[in-house]
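What follows is a short report on a single structure.
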Amino acid sequence: MTIAAHLAPAIRNALSLLLLAMADDEFVIGFSDSEWTGIAPLLEEDVAMSSLAQDELGHAQALYRLLAEVRDDGRDADAIAYDREPEGYYHCRLLDHPRGDWADTIARRFLYDTADGIRLDALTASSFQPLAELVAKIRREERYHRMHVTAWLERLARVSGEPRRRLLDALERMGPDAATVLAPLPDEPSLVMAGIIDAPSAELEARWRAEIAPVFARLDLPMPPAASDPERGRSGHSDAFRWLHGELTSVRRLDPGATW
Amino acid sequence: VRRSAANRTLAANPPLEETAVRAALAEVPDPEIPVASVVDLGMVEDVAVGRDAIRVELLPTFVGCPALDMIQAAVEERLSAFGHPVDVRFSHRIPWTSDRITREGREKLRAAGFAPPGLTPADVACPWCGSDQVAMDNLFGPTQCRSLFYCRACRQPFEAFKQV
């Protein structure tokens, strides 16, 4: 008996989109982080960003495997991860920004990690047991990511001149897309009704804003505005992502179907 | 065909005890830290010696640990010596936490220069000289499960397990 067989078709579709959104988010931010390998501003950060990337790609792989079981259509985790055109990816618009400079990376990581943390918290008691179990494990690892990025956010925000100016620039560019991490998913009410997630996205966004507000106030940083176009939160990807997609699928395209 | 061969093996051998399987697992080293076994690190959640197979449930230390396939293969190979079919699986049914590393495992890690799990310098003592005058160099290290520290007393860098 497969996991999929226990789920009503409507729930299965809604759950598939939730898993795809989460997996693609982790996959894309993991690959973006890995772009610092070898060229980070400090050797310690070279190690840190590479290790963070490995964590995020591991989370993506576990989520893609779960998605493959839920869909049960013969496509495995690698096929889902790599065999799509750029427009088929379902990550949020915040992660469509190019890697940019170090301030861009720290701003994006802070906005993403805090919003993703709220999403993970909302799944810890999920009625879909395999997801609740995986999330319990992922949350323990994410604690290190939060400590790392919060320390950097504070460092950049508190040094006047170029560090703070670059951080403010990054927040101005990415802030309007920050809330897209928690943009409404299709058929979200059925996920809430089925107890798969504990609240609708509007409630998750309110929790996220309440959590980050004290940090932004302490550092005198502008809070991210409401998402400008929430309906397009996960579509219409950028040229920067199309470039990244070419990079991250390059090995797969060299030898389709290769196994490790 | 395979099943009937397995049945013959089962009939020919004396009953296999779970303790023998656990003892064999204690000989399977972690590929990244070979001084510690999968038992020392608390990765073995369940062992069941059934009529048809030896089943082992392992917990990954980190979700994306790249050594998981190697560990699974090493466990399968070691247990295949018993002559029974072997079913080894990783699961997330229970999250692995650093509290699962056994007392013996902590001692082996320390002797090899790895401090037992700790999040901040206040939790960590130098594995070489025992000093608590340590500084964290990096929350992240050469593998997903370790952070980088420096001992101000004996002036040696060292790694500590992450506290997860």
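None of these values were measured; they are calculated from a predicted model. Sequence lines set the chain letters: A, B, ... in the order given, protein chains first and strands last, and positions in each chain run from 1.
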Aromatic ring proximity B:F158/B:Y150, centre distance under 6.0 Å: no
Let me know if B:T61 has heavy atoms under 4.5 Å from chain A in its side chain, its backbone, both or neither. backbone
For this output row, return yes or no: ring centroids of A:H97 and A:F241 closer than 6.0 angstrom. no
Would you sort out whether B:E57 and B:S91 count as a side chain to side chain donor-acceptor pair (under 3.5 Å), showing the intermediate values? CA-CA 7 Å; B:E57 182 184 21; B:S91 99; 2.6 Å; yes
Hey, does A:I80 have a side-chain heavy atom less than 4.5 Å from the side chain of A:L20? yes
Turns out that what part of B:L148 lies under 4.5 Å from chain A's heavy atoms comes down to side chain
Honestly, the part of A:Q61 sitting under 4.5 Å from a heavy atom of chain B is neither
Specify which of A:M147, A:K137, A:Q129 makes the most heavy-atom pairs with chain B at under 4.5 Å. A:K137
